[in-house]
Number of protein chains: 2
Amino acid sequence: MQPIASARVVDVVRDQLRSAILAGELAPGSRLSVPELARQLGVSRSPVREAVLLLVGEGLAVEQSRRGVEVARLELSDVLELYELRITLESLAAHHAAERMTQTDLAALRGVLDAQGAAAVGDARSFRELDMRFHEIVSQTCGNTRLARHAALLAREMRLAGPLMVNEPWHLRRSHEEHRTIERALRQRDGPAAENAMRDHLSRVCQSVRHHHNSTL
Amino acid sequence: MQPIASARVVDVVRDQLRSAILAGELAPGSRLSVPELARQLGVSRSPVREAVLLLVGEGLAVEQSRRGVEVARLELSDVLELYELRITLESLAAHHAAERMTQTDLAALRGVLDAQGAAAVGDARSFRELDMRFHEIVSQTCGNTRLARHAALLAREMRLAGPLMVNEPWHLRRSHEEHRTIERALRQRDGPAAENAMRDHLSRVCQSVRHHHNSTL
DNA sequence: AGGTAGAGTGTTACATGTAGAACCCAAGAA
DNA sequence: TTCTTGGGTTCTACATGTAACACTCTACCT
């Protein structure tokens, strides 16, 4: 029996808005009009306003003074900032995760990777979803709740950078191989190896994004 | 001419509540009743409610489902979590700051350290304040806005740990010396040295907190 | 005594009211 | 034609209303 979580309207609205933003239905730059969203969702403005505020706190939206809130727009520089932070935080998380992951966690991780191996052939959309899940599992099992929370925030924020990401199949396959390397280190409970593998992985992806951007200018 | 920032009620309330919490006027565990605070501050409940939500987002308060919000209580384990994150984030920030600080920044830093040297003789309260400022300057000048933001959040959250901190004069003096070492590296634009000095400093303080806690049990 | 029902108080969470500001667009002045 | 001006619309930010819920304390029953 898990405690019946709060079925608060504000939570539902927040989750819906977040999903819509991350799915691209609310594109970066879209204005988030509280009355409009309240009408569409069939609730009053109060919970919508709070939900929008929470999204601002998560970095998924930004408020311009007196002109409302819009979905955050990420430049290349923002993505590089995010990668730099993810590199440090997630490699630290991987180190600890190697020493703390349960068999259940490892099984879940392998399941995600198997599914990702299948998606790597061409389904970039579900590949990204599974990539997210992979990193989330590692961060969540590191034992430091704040580290997990901040890493999750950064990973989510990065998903706003859709068009800047590299989606070529060979790139997805390479990412997947690196995930396998990380998973191997985690399974062997080799903290330093997991840390290095995670750092190498994210660093390489960051470099790819940078070069991809330069070459598609 | 700087843009006349939003004189929004919610911002004023948030700042006041934050100050009150960090100053200990609202002790950890205190309930933050929205109607009560609204009465005391002479404003309506809406901006107070939003301000309280923002503080939850900053980690300074926690909400129990359906039972309102209270000022966060930090255990030793929370402080250790925070230090681990600060160690990685702030040492990274120090590395970059070494390469980017302007003469103005360095002058400000030195000013803070001079004042701190005077406070180290026994005024733990202002010493902590200046310590905060020192770390803030380094983080803010690292060039990565998100890194700066997250580091600031962590440093603030840590101030809730008042009684767990070590306030012996010899400890303050040692911290001050380490600050000087960091500042020297920054002034010489030696990124790796600044990074190591910052890591050593925060690691040592973290160890002191741990030992202090064990010995005062 | 020990447990419980129930009134009374205070709060949260959501709904709604509204002044003032920002934006849009069309009509008129230079 | 370009700039300004004024009306109309929409929004934000704050204020207020209220149902449902949680806590407290007392009085009652066993």
Side-chain angles (χ1 to χ4, degrees), chain A residues 1-21 25-73, chain B residues 1-21 25-73:
Chain A
M1 279 296 199
Q2 66 233 359
I4 302 174
S6 45
R8 295 190 307 174
V9 176
V10 58
D11 293 321
V12 177
V13 172
R14 171 174 47 73
D15 292 346
Q16 293 231 352
L17 289 180
R18 190 159 51 206
S19 300
I21 290 174
E25 297 162 28
L26 288 169
S30 313
R31 295 204 46 206
L32 295 176
S33 158
V34 170
E36 176 64 20
L37 292 171
R39 272 190 295 274
Q40 290 182 14
L41 297 172
V43 297
S44 82
R45 302 181 322 247
S46 306
V48 175
R49 181 175 167 87
E50 287 183 12
V52 168
L53 262 186
L54 292 176
L55 292 178
V56 170
E58 293 183 20
L60 297 183
V62 292
E63 61 180 334
Q64 297 116 316
S65 73
R66 298 278 175 188
R67 272 204 290 179
V69 174
E70 66 176 44
V71 178
R73 257 187 276 253
Chain B
M1 279 294 198
Q2 65 231 359
I4 302 173
S6 45
R8 296 190 308 175
V9 176
V10 58
D11 293 321
V12 176
V13 172
R14 171 173 47 73
D15 293 346
Q16 293 231 353
L17 288 180
R18 191 160 51 207
S19 301
I21 289 174
E25 297 162 28
L26 288 168
S30 312
R31 295 206 45 207
L32 294 177
S33 158
V34 170
E36 175 65 19
L37 292 171
R39 273 191 294 274
Q40 291 182 15
L41 297 171
V43 297
S44 82
R45 302 181 323 247
S46 306
V48 175
R49 182 175 167 88
E50 288 184 11
V52 168
L53 262 186
L54 292 176
L55 292 178
V56 170
E58 293 182 19
L60 297 182
V62 292
E63 61 179 335
Q64 298 116 314
S65 72
R66 300 277 176 188
R67 274 203 290 179
V69 174
E70 66 175 45
V71 179
R73 257 188 274 253

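- OP1 or OP2 of D:dC11 lies within a sub-4.0 Å distance of a side-chain N or O belonging to A:R39.
- A donor-acceptor distance shorter than 3.5 angstrom exists from the side chain of A:R31 to the backbone of A:R67, with no hydrogens or angles considered.
- The minimum heavy-atom distance between A:Q16 and A:L41, with the atom names listed, is OE1-CD2, 3.9 Å.
- Rounding to whole angstrom units, CG of residue A:L37 and P of D:dC11 are separated by 10 Å.
- Rounded to a whole Å, the CZ atom of A:R45 is 10 Å from the P atom of D:dT12.
- Of the inter-residue distances, the one linking B:S33 atom OG with B:E70 atom CD reads 13.0 Å to the nearest 0.5 angstrom.
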Run the side-chain contact (heavy atoms from CB on, under 4.5 Å) test on B:L60 and B:V71 for me, step by step, so that the C-alpha distance in whole Å, both residues' side-chain angles and the decisive distance to 0.1 Å come before the verdict. CA-CA 6 Å; B:L60 297 182; B:V71 179; over 6 Å; no
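- With respect to the salt-bridge test (charged N to carboxylate O, under 4.0 angstrom), the residues B:R14 and B:E50 do not qualify.
- With respect to A:E36 and A:R49, no salt bridge is recorded, no charged nitrogen being found less than 4.0 Å from a carboxylate O.
- In 5' to 3' order, the nucleotides of DNA chain C bounding all contacts with chain A (an atom under 4.0 Å from a heavy atom) are C:dA13 to C:dC23.
- OP1 and OP2 of D:dA22 both lie 4.0 Å or more from every side-chain N or O belonging to B:R67.
- Between A:R49 and D:dT12 there is no side-chain N or O to OP1 or OP2 distance below 4.0 Å.
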